[in-house]
Number of protein chains: 2
Amino acid sequence: MQNLSKNQQIIFDLIDKSPQPLKAYSILFNVQKKGIKAPLQVYRALDKLVEIGKIHKIESRNAFIACQNSSCQISKATAFSICENCEKVTEINNSSLSKYLTGFKDKNGMKYNKYNLEFFGLCKKCISKKI
Amino acid sequence: MQNLSKNQQIIFDLIDKSPQPLKAYSILFNVQKKGIKAPLQVYRALDKLVEIGKIHKIESRNAFIACQNSSCQISKATAFSICENCEKVTEINNSSLSKYLTGFKDKNGMKYNKYNLEFFGLCKKCISKKI
DNA sequence: TTACAAAATGTTATATTATAACAATTTAAC
DNA sequence: GTTAAATTGTTATAATATAACATTTTGTAA
Ligand SMILES: [Zn+2]
Ligand SMILES: [Zn+2]
Ligand SMILES: [Zn+2]
Ligand SMILES: [Zn+2]
């Protein structure tokens with residue numbers, strides 16, 4: 001766990017406080033008052049934060065969420081549940097699932113060193129609202 | 001299995017013949033000689049093809065691949081292996097995996113109706129080349 | 001066979017997401 | 001202190017995707 005640089009810390013703090021995933025340009029808008037003015041500054045910080053496992057990218061949403069586990073072994077094994085109604089995203093921390101997927105071998109002979117899994121459905125709240 | 005419209009058929013044929021996933025603007029470039037001139041025409045066909053399960057979107061690559069199974073129950077349960085060296089993508093068809101994931105229940109009480117899984121690593125060829 | 005609705009198409013403009021290229025500054029290691 | 005690596009700053013541009021609106025085609029049923 002290394003120290004974050006100024007821009008990395010500003011952007012991580014914002015994402016970490018957010019209850020839902022944030023998009024890059026929404027992050028940009030929110031950190032402009034702190035002196036981060038250009039998309040590239042945001043993307044560079046995001047790249048680094050993803051690389052060190054402090055945040056994850058939700059690929060189907062082009063959005064970023066703070067890691068809710070212990071940096072997921074540097075983002076090598078990630079799983080999320082995504083509510084298609086309210087867009088709430090939760091990181092799944094389930095050892096049976098991660099064991100199964102980490103140990104998974106397909107017949108194609110590929111050697112996997114990473115996976116990303118996204119489940120879609122309705123969250124408890126949205127089910128109970130019968131939406 | 002409904003019939004495809006003209007644009008849908010043109011674009012599906014192109015994707016289906018391709019050994020690797022295709023990106024939207026690469027598709028656009030390749031079908032301009034067939035009269036499809038605007039991005040929106042491509043995206044509309046892609047949306048429809050995804051909806052009916054003839055193709056899948058590889059989210060981490062923003063690219064599209066023809067379904068290699070039987071339209072994956074209308075794209076509700078998809079898994080891919082992606083070589084990070086040569087970018088070869090293969091659709092995984094493994095009933096143990098799909099059973100496990102379709103039956104997966106997390107403690108958060110969410111009801112899942114869909115998932116997408118992407119494995120990353122090195123394909124056989126790239127391993128043997130020791131890249 | 002006409003009338004209607006749904007789906008698909010055509011077209012222009014624009015929004016959103018992401019990177020290239022280059023220069024300067026800060027940080028960390030030796 | 002010198003150097004290399006990482007980070008930052010800045011402008012421009014590339015790549016991905018959708019909005020809005022008009023028209024045409026297709027399927028269905030009176
Ligand atoms: Zn995590
Ligand atoms: Zn919800
Ligand atoms: Zn499929
Ligand atoms: Zn390969």
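We name chains A, B, ... by the order of the sequence lines, and we start the count at 1 in each one.
One finds the CD1 atom of A:Ile92 at 9.0 Å from the NZ atom of B:Lys107 (value rounded to the nearest 0.5 Å). Rounding to the nearest 0.5 Å places OH of B:Tyr43 at 8.5 Å from CD1 of B:Ile27.
In the set C:dT17, C:dA8, D:dT7, the nucleotide with an atom closest to the side chain of A:Gln8 is D:dT7. In the set D:dT16, C:dT9, C:dT19, the nucleotide with an atom closest to the side chain of B:Ser5 is C:dT9. Side-chain atoms of A:Ala24 lie closest to C:dA18 of the nucleotides C:dA18, C:dT12, C:dA8. The nucleotide whose nearest atom lies closest to any side-chain atom of B:Lys48 is, among C:dA18, D:dT7, C:dA8, C:dA8. If you check D:dC21, D:dG9, D:dT18 against the side chain of A:Lys6, the one that comes closest is D:dG9. Comparing atom distances between the A:Leu40 side chain and each of C:dA20, C:dC22, C:dT9 picks out C:dA20 as nearest.
Distance, A:Arg61 CZ to C:dT17 P: 13 Å, rounded to whole Å. One can place CG of A:Asn3 at 15 Å from C1' of C:dT26, the figure rounded to the nearest angstrom. Note: OH (B:Tyr43) to C1' (C:dT14) measures 14 Å, nearest angstrom. Rounded to whole Å, the distance from CG on A:Leu4 to C1' on D:dT8 is 15 Å. Atom CD1 in B:Ile36 sits roughly 8 Å away from atom P in C:dT9 (whole-Å rounding). When the P atom of C:dA7 is taken as reference, atom CD of B:Gln41 falls 19 Å away, rounded to whole Å. As a whole-Å value, the separation of B:Arg44 CZ from D:dT16 C1' is 16 Å. As a whole-Å value, the separation of A:Phe64 CZ from C:dT17 P is 10 Å.
Residue A:Phe80 comes nearest to A:Thr78 through the heavy atom pair CE1-CB, 3.6 Å, listed as atom of the first residue, atom of the second, then distance.
Contact annotation: B:Asn62 does not reach the phosphate of C:dT17 (side-chain N/O to OP1 or OP2, under 4.0 Å).
A:Phe120 and B:Tyr112 have their aromatic ring centers separated by at least 6.0 angstrom.
Along DNA chain D, the nucleotide closest to A:Tyr25 and the one closest to B:Lys23 are compared, and the more 5′ of them pairs with A:Tyr25.
B:Glu118 contributes a side-chain N or O that, together with a main-chain N or O of B:Glu59, makes up a donor-acceptor pair within less than 3.5 Å.
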